[in-house]
**Q** 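Before I ask anything, let me first share the structure, which is written out below as structure tokens.
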Amino acid sequence: MIFRGQVRKMLVCRDTPVVYYLRLGRDILFLNSLIGKIFSVKHIGYQCVGCGSDKKIFRMGFCKKCFFESPYASDTIIRPELSKAHLGIEERDLAVEEEIQLQPHVVYLAYTGDVKVGVTRLSQLPARWIDQGAVAALPIARTQNRYEAGRIEVALKKHFSDKTHYKKMLLESFGKSVPDLEDLRGTVREYFPKEFRSFYNEEFNVENFEYPYTPPEKIVSLSLEKVSSFEGILKGIKGQYLYLDEVGFFNVRAHEGYVVEIFV
């Protein structure tokens with residue numbers, strides 16, 4: 001069967017293992033049921049997730065114009081410490097920025113092959129951790145807005161990476177011993193800026209995740225900008241990556257806005 005449409009980030013459902021759905025235009029593919037079957041992808045065009053035009057995707061699923069103009073691609077998406085909505089200051093669209101920034105956020109530790117620190121809206125949990133391929137995660141602070149969480153993250157980045165090293169994440173086996181995040185939580189409060197230590201929080205428990213995935217010995221990345229089509233047996237899914245046996249790893253999120261044909 002052939003499906004055609006715009007690629008969007010996979011939808012996830014917490015289960016054991018995690019359940020994945022691929023959004024492709026109006027269709028939604030239940031990916032877990034396709035593991036072990038032939039899966040082919042062909043790039044046939046672009047559709048910006050912002051304006052819907054067929055212009056080439058520049059970054060984050062947006063064409064170049066939207067990337068530099070859309071409030072959903074602003075600097076505060078990547079760097080929450082730059083948020084100004086709590087001051088009533090507009091960056092690109094204050095109404096959108098208030099909706100995103102002026103709600104509860106968490107600062108968290110997650111294990112994705114290494115311990116990392118991150119920030120996300122409370123409403124995005126646990127999907128945010130699953131998207132990063134975390135096998136364990138633990139909130140360490142709950143804030144009232146994005147700016148406060150960003151300031152805490154900046155301080156903690158002196159001690160932890162804020163990046164997910166995708167090869168380490170994809171080589172990580174479920175069940176492998178991971179650092180005790182609760183012990184780490186007990187040591188990090190001193191790293192918080194003094195004016196934000198009241199947001200330190202111990203009410204959360206460690207959450208663990210299992211994926212429909214067994215790591216290979218080698219990680220090879222696939223890019224539709226370099227190879228317009230590829231085919232292999234879908235062997236597993238972790239984070240936002242599809243693992244095709246003897247072909248490589250397809251990062252779905254990195255290809256948002258691409259229009260593809262998928263044959264299964």
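Source: prediction; values computed, not measured.
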**Q** For a side chain to side chain contact (heavy atoms under 4.5 Å, CB included) check, start with the C-alpha distance between Q101 and R121, then their side-chain angles and the critical distance, and finish with the verdict.
**A** CA-CA 8 Å; Q101 298 173 25; R121 286 169 281 169; over 6 Å; no
**Q** Side chain of E97, backbone of R92: donor and acceptor closer than 3.5 Å?
**A**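 Judged by distance alone, yes, a pair lies under 3.5 Å.
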**Q** Ignoring hydrogens and angles, tell me if any N or O in the side chain of Y200 forms a donor-acceptor pair with the backbone of R185 under 3.5 Å.
**A**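 Yes.
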**Q** Mind checking whether F196 and V119 sit in one hydrophobic cluster, side chains of I, L, V, M, F, W, Y counted as touching below 4.5 Å?
**A**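 Yes, same cluster.
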**Q** If you round to the nearest 0.5 Å, how far is CD of E91 from CG of D93?
**A**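 If we round to the nearest 0.5 Å, D93:CG and E91:CD are 10.5 Å apart.
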**Q** Are L156 and F192 side-chain neighbours, meaning at least one heavy-atom pair lies under 4.5 Å?
**A**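 They are in contact (side-chain heavy atoms under 4.5 Å apart), so the answer is yes.
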**Q** Check the angle between the aromatic planes of H255 and F250 and answer parallel, tilted or perpendicular using the 30° and 60° thresholds.
**A**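 Plane angle between 30° and 60°, so tilted.
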**Q** Could you give the distance from NE2 (H159) to OG1 (T187), rounded to the nearest 0.5 Å?
**A**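 Taking NE2 in H159 and OG1 in T187, the distance rounds to 9.5 Å.
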**Q** Backbone N or O of R253 within a donor-acceptor pair of the N251 side chain at under 3.5 Å?
**A**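 Yes, N251 side chain to R253 backbone: donor-acceptor pair under 3.5 Å.
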**Q** Is a side-chain donor or acceptor of S70 paired with a backbone partner of Y72 at a separation under 3.5 angstrom?
**A**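 Yes, the answer is positive, given that a donor and an acceptor are paired below the 3.5 Å cut-off.
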**Q** Taking the side chain as everything from C-beta on, heavy atoms only, tell me whether H105 gets closer than 4.5 Å to Y147.
**A**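 No, side chains not in contact.
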**Q** Taking the side chain from S161 and the backbone from K163, do they hold a donor-acceptor pair closer than 3.5 Å?
**A**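 Between the backbone of K163 and the side chain of S161 there is a qualifying donor-acceptor contact (under 3.5 Å).
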**Q** Does any part of the side chain of V49, heavy atoms only, come nearer than 4.5 Å to the side chain of M60, both counted from C-beta?
**A**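 With C-beta onward as the side chain, the pair stays apart.
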**Q** Could you measure the distance from the CD1 atom of I233 to the NZ atom of K37? Nearest 0.5 Å is fine.
**A**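 That separation rounds to 12.0 Å.
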**Q** Determine whether V7 and Y21 fall in the same hydrophobic cluster, where Ile, Leu, Val, Met, Phe, Trp and Tyr are linked whenever their side-chain heavy atoms lie under 4.5 Å apart.
**A**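 In one cluster: no.
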**Q** Is E148 reaching over with its side chain to a backbone N or O of Q144, donor-acceptor style, under 3.5 angstrom?
**A**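 Yes; at least one donor-acceptor contact below 3.5 Å.
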**Q** Which of these, I140, T143, V117, sits in a side-chain contact (heavy atoms from CB on, under 4.5 Å) with I152?
**A**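 Of the listed options, the one satisfying the test is T143.
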**Q** What's the verdict on side chain to side chain contact (heavy atoms under 4.5 Å, CB included) for V260 and L24, showing C-alpha distance, side-chain angles and the deciding distance?
**A** CA-CA 8 Å; V260 301; L24 199 65; 3.5 Å; yes
**Q** Do R197 side-chain atoms and E190 backbone N/O form a donor-acceptor pair below 3.5 Å?
**A**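 Judged by distance alone, yes, a pair lies under 3.5 Å.
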**Q** Around atom CZ of R79, are there more than 12 heavy atoms of other residues, nucleotides or ligands at under 6.0 Å?
**A**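 No, not enclosed.
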**Q** Between atom CG of L109 and atom CG of L184, what is the distance when rounded to the nearest 0.5 Å?
**A**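 Nearest 0.5 Å value for the CG-CG distance: 6.0 Å.
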**Q** Is a donor on one side and an acceptor on the other found under 3.5 Å between the side chain of Q132 and the backbone of T112?
**A**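 Side chain of Q132 to backbone of T112: no pair is present.
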**Q** Would a 4.5 Å heavy-atom cut-off, applied to side chains only, mark L138 and E182 as touching?
**A**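 They are in side-chain contact.
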**Q** Picking from F62, Y258, F58, what satisfies ring-ring contact (aromatic ring centres under 6.0 Å, His included) with Y46?
**A**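 Only one of F62, Y258, F58 forms a ring-ring contact (aromatic ring centres under 6.0 Å, His included) with Y46, namely Y258.
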**Q** Between R146 and E81, is there a salt bridge with N-O shorter than 4.0 Å?
**A**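 Result for this pair is no, no salt bridge flagged.
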**Q** If only atom types and distance count, is the side chain of Y20 paired as donor or acceptor with the main-chain N or O of Q240 below 3.5 Å?
**A**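 Looks like no, no N/O pair under 3.5 Å.
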**Q** Applying a strict under-4.5 Å side-chain criterion to I, L, V, M, F, W and Y, I'd like to know whether I262 and L34 cluster together.
**A**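 I262 and L34: one cluster.
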**Q** Identify, with sequence neighbours excluded, every residue that meets side-chain contact (heavy atoms from CB on, under 4.5 Å) alongside P216.
**A**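 Only Y213, I219, Y243, F249 meet the side-chain contact (heavy atoms from CB on, under 4.5 Å) criterion with P216.
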**Q** State plainly whether one hydrophobic cluster holds both F209 and V19, where clusters connect Ile, Leu, Val, Met, Phe, Trp and Tyr through side-chain heavy atoms under 4.5 angstrom apart.
**A**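 Looking at the clustering, V19 is in a separate group from F209.
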**Q** So S229 and S40, do their side chains get closer than 4.5 Å, heavy atoms only?
**A**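 The answer is no; the side chains never approach within 4.5 Å.
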**Q** Yes or no on side chain to side chain contact (heavy atoms under 4.5 Å, CB included) for F230 and L224, after CA distance, side-chain angles and deciding distance?
**A** CA-CA 9 Å; F230 49 82; L224 289 175; 3.5 Å; yes
**Q** With distance as the sole test, does E99 use its side chain to make a donor-acceptor pair with the main-chain N or O of A95 at under 3.5 Å?
**A**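 Absent.
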**Q** Indicate, with yes or no, if I57 and F68 share a hydrophobic cluster defined by side-chain heavy-atom contacts under 4.5 Å among Ile, Leu, Val, Met, Phe, Trp and Tyr.
**A**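 Looking at the clustering, I57 is in a separate group from F68.
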**Q** Would you check if there is a donor-acceptor pair between the side chains of S221 and Y166 at a distance under 3.5 Å?
**A**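 Result is yes, a qualifying pair exists.
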**Q** So do the side chains of E207 and W129 get within less than 4.5 Å of each other, counting heavy atoms only?
**A**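 Yes, at least one pair of side-chain atoms sits under 4.5 Å.
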**Q** Out of curiosity, C48 SG to Q6 CD, how far, rounded to the nearest 0.5 Å?
**A**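 It is 8.5 Å, given to the nearest 0.5 Å.
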**Q** At what distance, to the nearest 0.5 angstrom, does CG of D245 lie from CD1 of I35?
**A**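 It is 12.5 Å, given to the nearest 0.5 Å.
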**Q** In terms of side-chain geometry, is the basic nitrogen of E172 or K167 positioned less than 4.0 Å from the acidic oxygen of its partner?
**A**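 No, no charged N to carboxylate O under 4.0 Å.
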**Q** Taking side chain as C-beta onward, heavy atoms only, is D162 less than 4.5 Å from K116?
**A**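 No, side chains not in contact.
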**Q** Between the side chains of D131 and K9, is the shortest nitrogen-to-carboxylate-oxygen separation below 4.0 Å, so that they form an ion pair?
**A**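 Looking at D131 together with K9, the answer is yes, because their closest N to O distance falls below 4.0 Å.
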**Q** Do L122 and R142 pass the side chain to side chain contact (heavy atoms under 4.5 Å, CB included) test, and can you show the C-alpha distance, the side-chain angles, and the key distance before you say yes or no?
**A** CA-CA 8 Å; L122 182 62; R142 174 174 174 163; 3.6 Å; yes
